[in-house]
S.K.: 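So that we are looking at the same thing, I have put the structure below in structure tokens.
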Number of protein chains: 2
Amino acid sequence: MSQPDTKSRILDAAEGLFGSDGFHATSLRAITSRAGVNLAAVSYHFGSKEALLEAVFERRLIPLNALRLQRLNRVLAEARVAAHPPAAREVLRAFIEPMLEFRASEPGADAFSALIGRALADADETVRAAFLRHIQPVFLQLFEGLVEALPEQSREQLFWRLQFTLGSVSHTLCMAGRLRILPPGVDQGCDPEILSTELLSFVTAGMEAP
Amino acid sequence: MSQPDTKSRILDAAEGLFGSDGFHATSLRAITSRAGVNLAAVSYHFGSKEALLEAVFERRLIPLNALRLQRLNRVLAEARVAAHPPAAREVLRAFIEPMLEFRASEPGADAFSALIGRALADADETVRAAFLRHIQPVFLQLFEGLVEALPEQSREQLFWRLQFTLGSVSHTLCMAGRLRILPPGVDQGCDPEILSTELLSFVTAGMEAP
DNA sequence: GTCTATAGATTGATAGAC
DNA sequence: GTCTATCAATCTATAGAC
């Protein structure tokens with residue numbers, strides 16, 4: 001049981017700092033210092049700061065998006081067998097639950113979660129483009145699933161509503177532990193499972209709105 | 001009809017660049033270069049980069065949030081006179097429409113719009129804190145309005161649903177003109193008024209979900 | 001108020017010894 | 001693979017002439 005190798009230590013440190021401070025505001029020195037490795041190790045193992053970011057995305061998003069696509073395809077296949085449209089809630093669940101489950105699963109996952117939640121709207125094109133490359137196939141499949149689930153709506157309308165949904169999901173991934181404004185009678189703590197159910201109910205109702 | 005003074009030119013340039021490139025990624029040199037003024041003018045007129053950001057927020061958010069509070073209070077007052085709860089849609093409209101109207105009103109407003117859409121989840125605490133200072137009273141009044149509109153829901157539940165709503169609104173402010181993934185049969189162009197109505201329908205249905 | 005010039009710190013990246 | 005040392009570029013901020 002040796003300690004993680006240099007490459008993994010850098011990935012872990014970068015994930016945490018990119019998530020909490022942002023890509024641009026995180027220096028390679030901050031990363032290697034947290035990882036306990038030499039500054040030059042980043043160049044040796046990854047080549048550049050951008051390539052490191054890409055590696056941080058890949059490590060989590062490849063398995064996560066594969067799981068999303070698998071669940072999405074199962075929901076659509078079952079609906080086809082039953083010869084009726086899939087439920088919008090189940091289509092959305094296939095997209096949302098894997099991310100929230102991952103987030104609740106391991107320590108440090110909330111940093112990656114915040115990174116992902118910010119990526120879609122990030123001002124930095126490096127971050128945004130790297131993220132879009134991974135999310136594109138999932139997004140397109142999710143959209144077609146919603147077209148099947150809600151055939152009475154136009155593609156245009158479904159597209160905008162899906163954008164609103166992505167906004168809710170992204171914000172949910174960012175906000176945990178960062179809520180500063182709490183009205184009286186509201187406690188910040190929230191069971192991840194309840195949050196997941198609430199989010200799913202919210203976006204399902206929004207997508208199905210008359 | 002002289003050209004805008006140095007202070008306004010700096011504000012305009014900063015607003016545009018903070019919106020498109022982000023606060024951290026925008027240098028004072030980029031701002032003064034776009035504004036056509038000397039680098040030292042920022043220190044003279046504002047004192048620091050952070051103070052400049054605060055001034056960029058203030059110029060737009062003080063009138064905008066005053067309008068939001070005014071509309072919000074009118075909706076709540078009318079409901080009190082009529083002795084029935086306000087409609088959730090009208091409460092949400094008082095919060096959402098002023099921003100989207102402003103955004104459609106003047107050129108350059110979409111840059112500020114993107115800045116605001118990103119601020120709530122920004123990794124940079126400078127940006128986030130400056131924004132929260134302005135949004136706090138509006139947020140608290142909006143929350144209490146929703147408590148009145150939807151009395152059958154707990155404060156906790158309303159709070160989370162309001163967070164999801166903020167996510168949708170924020171993302172809407174960010175995404176215009178930046179949508180990279182377009183499914184077949186979907187055109188990026190969208191009438192601002194239609195987008196506003198669609199967003200309002202989406203979040204109202206989400207807030208009212210069973 | 002506006003300018004030049006520069007201080008002082010930090011950045012990403014790399015050359016070359018071990 | 002890991003390290004030291006360093007380069008060249010960039011940043012915010014300011015001192016001081018006009």
Side-chain angles (χ1 to χ4, degrees), chain A residues 1-59 115 119 122-131, chain B residues 1-59 115 122-130:
Chain A
M1 187 81 89
S2 67
Q3 74 173 357
D5 62 2
T6 298
K7 208 165 170 175
S8 297
R9 297 169 64 86
I10 293 174
L11 281 174
D12 290 339
E15 179 176 88
L17 289 169
F18 289 162
S20 65
D21 301 341
F23 175 70
H24 215 95
T26 300
S27 70
L28 292 181
R29 283 168 175 81
I31 293 169
T32 54
S33 163
R34 174 192 273 216
V37 304
N38 189 273
L39 171 64
V42 172
S43 282
Y44 178 80
H45 287 283
F46 299 95
S48 71
K49 191 182 175 184
E50 290 197 12
L52 172 57
L53 176 71
E54 178 60 38
V56 166
F57 276 141
E58 268 183 11
R59 181 171 62 151
L115 178 62
D122 209 296
D124 193 314
E125 276 303 313
T126 303
V127 177
R128 198 170 129 80
F131 177 70
Chain B
M1 187 80 88
S2 66
Q3 75 172 355
D5 61 3
T6 298
K7 207 165 170 176
S8 296
R9 295 169 64 85
I10 293 174
L11 281 174
D12 290 339
E15 179 176 88
L17 288 169
F18 289 162
S20 66
D21 301 342
F23 175 70
H24 215 96
T26 300
S27 70
L28 292 181
R29 280 171 175 80
I31 293 168
T32 54
S33 163
R34 172 191 275 215
V37 303
N38 189 273
L39 171 64
V42 172
S43 283
Y44 179 78
H45 287 283
F46 299 95
S48 71
K49 190 182 175 184
E50 291 197 12
L52 172 57
L53 176 70
E54 178 61 37
V56 166
F57 276 140
E58 268 182 11
R59 181 172 62 154
L115 178 61
D122 209 295
D124 193 313
E125 276 302 314
T126 302
V127 178
R128 198 171 130 79

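So you know, we letter chains A, B, ... as the sequences are listed, proteins then strands, and number each from 1.
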S.K.: Is the NZ or CZ atom of A:K49 both under 6.0 Å from the centre of the six-membered ring of A:F23 and within 45° of that ring's axis?
M.R.: yes
S.K.: Looking only at the side chain of A:S48 (C-beta and beyond, no hydrogens), which of the listed nucleotides D:dT2, C:dA13, C:dT4 gets closest?
M.R.: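 That would be C:dA13.
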S.K.: Using a 4.0 Å heavy-atom cut-off, does B:T26 contact any base of the nucleic acid, only the sugar-phosphate backbone, or nothing at all?
M.R.: sugar-phosphate
S.K.: In whole angstrom, give the distance that lies between atom CG of B:L28 and atom C1' of C:dT6.
M.R.: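 Those two atoms, CG and C1', are 16 Å apart.
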S.K.: Just the rounded figure in Å: distance from P of D:dA17 to CG of B:N38.
M.R.: 16 Å
S.K.: Which listed nucleotide (D:dT4, C:dT4, D:dT14) is nearest to the side chain of A:A40?
M.R.: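 Output: D:dT4.
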S.K.: Take the protein atom NZ of A:K49 and the nucleotide atom P of C:dT14, then report the distance between them rounded to whole Å.
M.R.: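 Going from NZ in A:K49 over to P in C:dT14 covers 15 Å.
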S.K.: Please state whether the phosphate of C:dT11, meaning OP1 or OP2, lies under 4.0 angstrom from any side-chain nitrogen or oxygen of A:H24.
M.R.: no
S.K.: May I have the distance from B:R9 (atom CZ) to C:dG1 (atom C1'), rounded to whole angstrom?
M.R.: 14 Å
S.K.: Less than 4.5 Å apart, any side-chain heavy atom of A:T126 and any of A:E54?
M.R.: no
S.K.: With rounding to the nearest 0.5 angstrom, report the CG to NE2 distance, B:D122 to B:H24.
M.R.: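 These two atoms lie 10.5 Å from each other.
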S.K.: For A:S27, answer base if it contacts any base atom (sugar-phosphate contacts may also be present), sugar-phosphate if it contacts only those atoms, and nothing otherwise; contact means non-hydrogen atoms under 4.0 Å.
M.R.: sugar-phosphate
S.K.: Is the phosphate of D:dG1 approached by A:T6 (side-chain N or O, under 4.0 Å from OP1 or OP2)?
M.R.: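 Negative; the distance criterion is not met.
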S.K.: Are A:L11 and A:L52 side-chain neighbours, meaning at least one heavy-atom pair lies under 4.5 Å?
M.R.: yes
S.K.: If you check every side-chain atom of B:L39, which of C:dT2, C:dT14, D:dA13 has the closest atom?
M.R.: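 In terms of side-chain proximity for B:L39, the closest of C:dT2, C:dT14, D:dA13 is D:dA13.
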